Amino acid sequence: MEKRIHLLETQRMSGDDGKSYVIHGYEHLARLDGTPDFEDRWEPTGQVEYRLDSGERIEVDRSGAMRVANTGVKLSS
């Protein structure tokens, strides 16, 4: 099975450190084995991830609150 990510959204947010951040939301896609190469059929896996424009990972808790994973900076819109 092949996998790739697809950009869903981009948004600007503010950190509790006073800085402005650009966040990208990505959807994970998969192409099932046996699909002919000439068909570009990718299916969503249900997995989504968020990253800063610099590539750093964003953690999202159950309430939807976002935090920069390696620094702990809380983000808000």
Side-chain angles (χ1 to χ4, degrees):
M1 176 175 18
E2 292 180 69
K3 295 182 181 179
R4 72 178 185 185
I5 59 173
H6 170 74
L7 179 64
L8 288 176
E9 64 179 327
T10 299
Q11 56 184 316
R12 292 194 178 277
M13 299 185 88
S14 299
D16 64 358
D17 61 354
K19 296 180 182 177
S20 182
Y21 294 87
V22 176
I23 289 78
H24 301 289
Y26 298 95
E27 174 182 43
H28 287 241
L29 302 173
R31 183 163 60 186
L32 300 176
D33 294 334
T35 303
D37 289 339
F38 59 86
E39 289 187 43
D40 194 25
R41 295 191 55 207
W42 293 87
E43 300 292 328
T45 65
Q47 184 179 0
V48 175
E49 70 179 66
Y50 293 91
R51 294 191 176 268
L52 294 178
D53 57 348
S54 62
E56 295 172 79
R57 194 170 52 86
I58 301 295
E59 296 174 340
V60 182
D61 68 18
R62 291 180 186 239
S63 71
M66 294 183 165
R67 171 185 307 262
V68 180
N70 65 341
T71 64
V73 172
K74 293 179 185 178
L75 303 170
S76 60
S77 47

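Heads up: numbering here begins at 1 and tracks the sequence. Computed from a prediction, not measured in an experiment: that's the story for all the values here.
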Mind checking whether [X] and [Y] sit in one hydrophobic cluster, side chains of I, L, V, M, F, W, Y counted as touching below 4.5 Å?
X   : Y   : result
V68 : V22 : no
L52 : L8  : no
M13 : Y50 : yes

Side-chain donor/acceptor of T45 to backbone N/O of A30, under 3.5 Å =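 Side chain of T45 to backbone of A30, a donor-acceptor pair under 3.5 Å: no, none is there.
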Can you check whether G72's main-chain N or O pairs, donor with acceptor, with R67's side chain at less than 3.5 Å?
->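 The answer is yes, because a donor-acceptor pair under 3.5 Å joins these two groups.
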Heavy-atom closest pair, residues M66 and V60 = CG-CG2, 4.0 Å
Between Y26 and I5, which heavy-atom pair has the shortest distance, and what is it?
->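 Y26 and I5 have their closest heavy atoms at CD2-CD1, 3.7 Å.
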Candidates E56, E59, R57 - the one meeting side-chain hydrogen bond (donor to acceptor under 3.5 Å, both in side chains) with N70 |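 So the option named by the test is E56.
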Sub-4.5 Å side-chain heavy-atom contact between Y21 and V73 |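 They are in contact (side-chain heavy atoms under 4.5 Å apart), so the answer is yes.
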Measure the [atom1]-[atom2] distance between [X] and [Y] for me, rounded to the nearest 0.5 Å.
X   : Y   : atom1 : atom2 : value
E27 : Q47 : CD    : CD    : 10.5 Å
I23 : L75 : CD1   : CG    : 5.0 Å
W42 : K3  : CH2   : NZ    : 10.5 Å

Pair R4 + E2: basic N to acidic O under 4.0 Å = no
